[in-house]
Amino acid sequence: MYLALKEIRHEKLRYGLIVSMIVLIAYLIFILTSLAFGLAGENTQAINSWDAKSIVLNKDSNISLTQSIITKDQAKDAKLTSKEAVIGSTPVVAKHKGKEKISASFIGARKSQFIIKDLKLTAGHKARNNHQIVVDEKFKTDGYKLGDKVTLNSFKDKYQIVGFTKNAKLNVAPVAYGTVSTWKYLRGMPNAAVTGSAIVSKNANYKAHSSHLKTYSMDKFISKLPGYSAENTTFGFMIGFLMIISLVLIAVFLYILTMQALPTYAVLRAQGIPAKALVSTITSQSLVLMASGVLIGAALAALTGWMLPVGVPMAFNIPVLIWISIGLMIMGVIGAAIPARKIATVDPVSVIGG
Amino acid sequence: MAVIELKNINKYFGSGISKVHVLKDVNFAADRGQLILVVGPSGSGKSTFLTIAGGLQTPTSGSVEVEGNSVENLSKAQRDKLRLNQVGFVLQSYNLVPYLKVKEQFDFVDKVKHQGNLSKEGLKGLLEQLGISELINKFPGELSGGQTQRVAIARALYADPDIVLADEPTAALDSQKVAEVGKLFKDLAETRNKAVVVVTHDLRLLDFADKTYEILDGKISLKDKEHVLDR
Ligand SMILES: Nc1ncnc2c1ncn2[C@@H]1O[C@H](COP(=O)(O)OP(=O)(O)O)[C@@H](O)[C@H]1O
Ligand SMILES: [Mg+2]
């Protein structure tokens with residue numbers, strides 16, 4: 001540690017440059033990770049708030065909630081207990097004169113079942129008839145108020161916002177909770193013998209007893225949300241790649257410095273300084289560089305999160321970010337391994353003679 | 001008793017037709033309090049001799065004894081320890097850690113070797129003897145060639161070794177500095193009771209030696225200095 005810190009202090013410019021590179025990479029990783037979690041959250045917040053384990057969909061729906069229709073006939077053998085709830089879902093565009101249009105996910109559900117029963121409101125009350133809706137707070141940030149009457153899609157009917165709820169997003173759109181009848185109306189089949197789009201259950205092994213219906217685990221269902229897996233794979237790929245870039249960066253940097261300093265290391269070995277002491281020098285240097293880069297990067301990311309407008313979906317998942325920081329430190333140790341090997345095997349005789 | 005002794009050392013490099021016999025039946029002994037010079041032309045085997053004496057290379061045959069203990073029986077770690085505790089090296093270059101101030105070069109020795117180093121007063125005396133007391137806050141890059149070598153000598157002596165091994169320590173110095181360093185080595189050997197072994201092709205150091213060996217084509221022989229100068 002003594003040599004490690006002395007060298008860094010003596011070569012401020014060199015080490016400053018490498019730290020600034022690590023800062024940029026760490027910052028990018030933190031921001032991307034938070035965006036990934038933010039976006040994933042906007043895809044699934046509403047689903048997560050239901051706290052359900054499984055979902056029954058029409059087996060021909062390709063695991064898509066909006067494509068799925070469950071008829072009364074198909075659902076006739078499905079036993080609905082307090083752990084099940086019927087939902088009808090369809091994308092809608094909400095409009096109100098003089099306000100911005102909002103693309104929303106309409107979810108029709110029964111008052112008596114857990115989705116509406118357990119719904120937590122931040123203001124107002126739950127829908128009491130087919131022309132009332134409870135909407136996500138995104139509507140509020142966009143200027144909508146309790147009592148506003150909005151139209152949905154191109155229907156003439158007006159729906160009154162009677163309540164706000166937090167963290168209700170599905171497919172990156174705010175949710176509007178209404179009744180199943182309203183959903184049927186919005187789907188253009190007000191009188192059809194249809195139960196809903198899906199039955200969600202808090203029971204992982206729920207069975208609907210119909211050859212036309214299939215039960216999926218919530219995790220499976222979420223992974224099939226439009227764009228969800230592709231998005232997460234892309235983010236994961238970018239983050240992994242940045243990790244590897246940080247590894248190569250620190251390895252190349254330390255390698256070049258080590259090769260330049262090899263004669264000095266050889267003389268130190270000749271003087272009887274144990275290889276272990278020298279290897280720990282390069283390893284602790286790598287850790288110091290990574291740690292300072294990660295800390296500054298994290299501070300910048302926090303600052304960014306604080307300054308960004310509300311609309312940007314960023315979620316700082318602290319445990320994950322801590323794991324990523326640990327990952328970067330491990331990259332530092334691995335990056336120091338090659339130069340460390342060079343130092344450990346340097347032949348003191350190589351500098352004697354000439 | 002000799003503090004370091006080499007007995008019947010042979011060293012070969014390579015194998016087959018490229019095999020070279022670099023040291024041939026070398027016998028050598030150095031006592032405390034003496035400056036011993038090993039002179040010879042370039043390529044005669046001086047550095048090979050010195051690295052074998054310091055336990056950095058193993059001879060093909062023969063034995064090296066430091067204070068009566070043979071070096072070939074030691075493990076790698078024990079040899080590191082031997083060099084850390086009993087041998088001080090002074091080389092042509094790279095002797096100092098470039099990013100440590102002169103005084104930190106000694107602090108660093110303290111970090112690795114926790115006991116048996118010179119005391120604060122001891123170091124102060126050594127630096128005065130070497131005339132480098134004023135340099136302690138400078139980095140190696142700020143020193144002249146002669147100053148660098150004197151700091152390197154101080155660094156080697158700080159761990160209070162029994163033996164100092166120097167390889168071409170005057171290569172980068174002008175005649176006046178050579179005389180200074182030669183006198184220093186002799187004084188240090190005497191006042192500090194060290195065995196100082198200097199291998200060099202620099203005949204200007206002959207005046208300061210207590211004992212002079214000549215090495216030619218890997219064969220070493222004890223000479224009186226007039227004889228070496230005669231050549
Ligand atoms: N590792 C080695 N492999 C092969 N030959 C070597 C090696 N080290 C030294 N030699 C040869 O041994 C001879 C003596 O080298 P050296 O001890 O460095 O001489 P000096 O220090 O007197 O100039 C030279 O011919 C050199 O080429
Ligand atoms: Mg040589």
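Any value given below was found using the heavy atoms of this structure, including those in side chains, with hydrogens, waters and symmetry copies removed. Below, read A as the first sequence line, B as the second, and so on, with proteins coming before strands; counting in each chain starts at 1.
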[atom1] ([X]) with more than 12 external heavy atoms under 6.0 Å:
{"X": "B:K24", "atom1": "NZ", "value": "yes"}
{"X": "A:Q260", "atom1": "CD", "value": "yes"}
{"X": "A:R341", "atom1": "CZ", "value": "no"}
{"X": "A:K342", "atom1": "NZ", "value": "no"}
{"X": "A:I338", "atom1": "CD1", "value": "no"}
{"X": "B:D217", "atom1": "CG", "value": "no"}
{"X": "A:F241", "atom1": "CZ", "value": "no"}
{"X": "A:M21", "atom1": "CE", "value": "no"}

Given a strict heavy-atom distance threshold of 4.5 Å, which part of A:L268 is in contact with chain B: side chain, backbone, both, or neither?
side chain

What part of A:R9 gets closer than 4.5 Å to chain B, counting heavy atoms only: side chain, backbone, both or neither?
neither

So which of B:P98, B:G88, B:G55, B:G54 has the largest heavy-atom pair count under 4.5 angstrom toward chain A?
B:P98

What residue, out of B:R155, B:E168, B:K76, has the most heavy-atom pairs lying under 4.5 Å from chain A?
B:R155

Using non-hydrogen atoms only, which part of [X] is less than 4.5 Å away from chain A: side chain, backbone, both, or neither?
{"X": "B:L165", "result": "neither"}
{"X": "B:V112", "result": "side chain"}
{"X": "B:S93", "result": "backbone"}
{"X": "B:L56", "result": "both"}

Quick check for you: to the nearest 0.5 Å, what is the distance between [X] atom [atom1] and [Y] atom [atom2]?
{"X": "B:Y94", "Y": "A:I352", "atom1": "OH", "atom2": "CD1", "answer": "13.5 Å"}
{"X": "B:K113", "Y": "A:I273", "atom1": "NZ", "atom2": "CD1", "answer": "10.0 Å"}
{"X": "B:D107", "Y": "A:K6", "atom1": "CG", "atom2": "NZ", "answer": "7.5 Å"}

Any A:R269 side-chain heavy atom under 4.5 Å of B:R83 side chain:
yes

Are B:L100 and A:L3 side-chain neighbours, meaning at least one heavy-atom pair lies under 4.5 Å?
yes

Anything under 30° is parallel, anything over 60° is perpendicular, the rest tilted; go ahead and classify A:H10 against B:Y99.
tilted

Smallest heavy-atom separation, B:N95 atom then A:Q271 atom, equals O-NE2, 3.5 Å

